[in-house]
There are 2 protein chains.
Amino acid sequence: MTPQRQAILEYLVTEHSHPTADDIYKALSARFPNMSVATVYNNLRVFKEVGLVQEMNYGDASSRFDFVTSRHYHIICDACGKVVDFNYPVLDEIESVASQLTGFKVDRHRLEVYGTCPACQTEQAHKH
Amino acid sequence: MTPQRQAILEYLVTEHSHPTADDIYKALSARFPNMSVATVYNNLRVFKEVGLVQEMNYGDASSRFDFVTSRHYHIICDACGKVVDFNYPVLDEIESVASQLTGFKVDRHRLEVYGTCPACQTEQAHKH
DNA sequence: TTCTTACATAGTAATCTTTATAAATAGTGT
DNA sequence: ACACTATTTATAAAGATTACTATGTAAGAA
């Protein structure tokens, strides 16, 4: 557990945003001026393997990383890319249905809702 | 509607796979030796805008494209990347719940199940 | 302490997918 | 034939992520 590794994990735990690798890199470069981007990626991969962190890919943009606390889903703003958590009963049923229909051994599922966040809604309304 | 455009659309309609842009490019390069990769991307974007085709991003790999017939969900094999359709009643409820909880104006959602396809299951069993 | 081993990091090059750009081409209507 | 528009080709460029190599650093054994 190096200082860099600790700082990256700490950032993910304390910040409740869903940062990209570059977000983390920029945020920590003040404290670690010599830190490499590769270090951020390396550690994120380690965290992911251990199950501490979840990687989320949205289209062409950068991956975002989320410290795993409890099961929750994400809603993403199409305009600004902001990610917000929301709670919803976990959809276990769909996994068993999918397994029966396809013969797959199911491991997990991924559900995301897309739309426009309140801030971007008002901004778009003012433009009309 | 150029020959290239028609061929790309035809490929998406007839092949029931979920090809990447490169899959399409390779598959059609025999018939169109001079076709550019950009043409594939251009046309896929056009089809997407019109709503004929859906783009799907899975992690770091290339996007996959699916000709839109009816509403269905996808299950993806972690081992070989194969994508299979399965039918499940559309989850409209989660959209309204998410909207109420977060204040977002909801546009759509995305649900995918991940696991291991039958072929890869047997292959993994034989390796033990 | 000193040597060894293993692993983390920094720095940079390379890869891969996708987009942007500019020139060439073809089709349509006048 | 001419002008207009959209499409294609070819290539450069962008952006995110990974690969690679050398350096550093901590822990353990002799």
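Since the structure is predicted, the reported quantities are computational estimates derived from the model, not experimental observations. Hydrogens, waters and symmetry mates are skipped; everything else that's a heavy atom, side chains included, is used. So that the names make sense, note that chain A is the first sequence line, chain B the second, and so on, each numbered from 1.
One donor-acceptor pair, N or O on each side, does fall under 3.5 Å between the base of D/dA10 and the side chain of B/S36.
The distance between atom CG of A/N57 and atom P of C/dT17, rounded to the nearest whole Å, is 14 Å. Separating the CZ atom of B/R45 from the C1' atom of D/dT7 is a distance of 11 Å, rounded to the nearest angstrom. Atoms CG (B/L44) and P (D/dT7) sit 14 Å apart, rounded to a whole Å. Across the protein-nucleic acid pair, A/Q4 atom CD and D/dG24 atom P stand 15 Å apart, rounded to whole Å. Regarding B/F32, its CZ atom lies at a distance of 18 Å from the P atom of C/dT25, rounded to whole Å. Remark: P of D/dA10 and CG of B/N34 are 5 Å apart, rounded to the nearest angstrom. One atom, OH of A/Y25, and another, C1' of C/dT12, lie 12 Å apart when rounded to the nearest Å. Computed from coordinates, the B/M1 CE to D/dT8 C1' distance equals 15 Å when rounded to whole Å.
The B/S62 side chain lies nearest to C/dT17 when the options are D/dT11, C/dT17, C/dT9. Ranking C/dT12, D/dT9, C/dT9 by closeness to the A/R5 side chain, first place goes to C/dT9. Of the candidates D/dT17, D/dT11, D/dA19, the closest approach to any side-chain atom of B/A38 belongs to D/dT11. Among the nucleotides C/dA10, D/dT9, C/dT18, the one closest to any side-chain atom of A/M35 is C/dA10.
B/D85 and B/H18 are linked by a side-chain donor-acceptor pair at a separation below 3.5 angstrom, with hydrogens and angles left out of the test. A side-chain donor from one of A/T20 and A/D23 sits under 3.5 Å from a side-chain acceptor of the other. Using modelled atom types and a 3.5 Å distance limit, the side chains of A/H109 and A/E95 yield a donor-acceptor pair.
Contacts of A/N43 with the nucleic acid, taken as non-hydrogen atoms under 4.0 Å apart, involve only primed sugar atoms and P, OP1 or OP2. Across all strands shown, B/T39 has heavy atoms under 4.0 Å from base atoms, whether or not it also approaches the sugar-phosphate.
OP1 or OP2 of C/dT9 sits under 4.0 Å from a side-chain N or O of A/T2. Taking 4.0 angstrom as the limit, A/Y41 places a side-chain polar atom (N or O) nearer than this to OP1 or OP2 of D/dT17.
Along DNA chain D, the nucleotide nearest to A/V37 and the one nearest to A/N42 differ in position, and the one closer to the 5' end is contacted by A/V37.
Sparse packing is recorded around CD of A/Q6, with 12 or fewer heavy atoms of other residues, nucleotides or ligands lying under 6.0 Å away.
Transitive grouping of hydrophobic side chains (ILVMFWY, heavy atoms separated by less than 4.5 Å) brings A/L91 and A/F104 into a common cluster.
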